[in-house]
Amino acid sequence: MGIQITPSVLNADLSRLADEVARIPSSDWVHVDVMDNHFVPNLTIGLPVFESLARATDLPLDAHLMIEDPDRWAPAYAEAGAGSVTFHAEAAKAPVRLARELRAKGARASMALKPATGIEQYADMLGELDMLLVMTVEPGFGGQKFLDLCLPKIRRARELISAAGLEVWLQVDGGVSLETIERCAEAGADVFVAGSAVFSAEHPDDMVNALRDKATAARQNA
Ligand code: DX5
Ligand code: ZN
């Protein structure tokens, strides 16, 4: 699998979600940020809206659950048709069991790490995952500044994945733009979330393709 772009609809016009998603047909996925005002200090959308969006688009949905108790709530997103479900390592009580449950329900299983969460303690469970998300901002809001301090962790994650001979995708989320995407790709990321960069662009779909081109070139040079 090559470079993939998964625009976040967090900064789109949420009253017109289906129309907004129709503006980004070149996307590989649509990234949906679910926040519960407990794990992060913000509240967005939940399962009913997610289910409606799944019916309204043919693009696969990438659910990013910034919620407490994902062990309880994440499987429902797989049942609702999510192609990929990401839970946070900091919130999961039994991440291995949860990843297996997500896969059993037909979704790709993905785990996210906040900027200050290390990768080493999770090295042995990478084989349970289809994707690892390295957050490049503190989760909770779109439009924040990219944190360069996360780049060594992206590099380390890519090394661990390669050394284990795994096919785990490596996603970055937060502050990804034409200005920062090359750094992420060079460090080893291959799946890129971009919220404000895409939805504040005059032509969002052109931005999706521009981001993919830039990341593809940077990954080839890596
Ligand atoms: C932040 C969310 C992100 C956010 C990205 O907590 O997980 O997906 O929408 O937005 P930008 O690309 O604007 O940082
Ligand atoms: Zn996200």
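Both counts, for ligands and for their atoms, begin at 1 and track the order of listing. As a basis for the values below, the full set of heavy atoms in this structure was taken, side chains included, without hydrogen atoms, waters or symmetry mates. Note that the structure is a prediction, hence the values are computed from the model and not measured.
One side chain, D62 or T6, offers a donor N or O that lies under 3.5 Å from an acceptor on the other. There is no side-chain donor-acceptor pair under 3.5 Å between D205 and H203. D33 and S8 are linked by a side-chain donor-acceptor pair at a separation below 3.5 angstrom, with hydrogens and angles left out of the test.
At a 4.0 Å heavy-atom cut-off, the residues surrounding ligand 1 are S8, L10, H31, D33, M35, H64, M66, M135, P139, G140, F141, G142, G143, D173, G174, G175, V193, A194, G195, S196, listed by chain and number.
For the Zn ion (ligand 2), the nearby protein N/O/S atoms, meaning those under 2.8 Å, are H31 NE2, D33 OD1, H64 ND1, D173 OD2.
Put simply, V34 and V30 are part of the same group of oily side chains (I, L, V, M, F, W, Y) that touch within less than 4.5 Å, one to the next. Cluster annotation: F50 and M35 are assigned to distinct hydrophobic clusters (Ile/Leu/Val/Met/Phe/Trp/Tyr, side-chain heavy-atom contacts under 4.5 Å, transitive).
Closest approach of P41 to F141, counting heavy atoms only: O-CZ, 3.3 Å.
In this structure, R108 is positioned above the aromatic face of W169, its NZ or CZ under 6.0 Å from the six-membered ring centre and within 45° of the axis.
Between the side chain of Q171 and the backbone N or O of V191 there is no donor-acceptor pair closer than 3.5 Å.
Ring planes of H88 and H64: parallel class, angle under 30° (limits at 30 and 60°).
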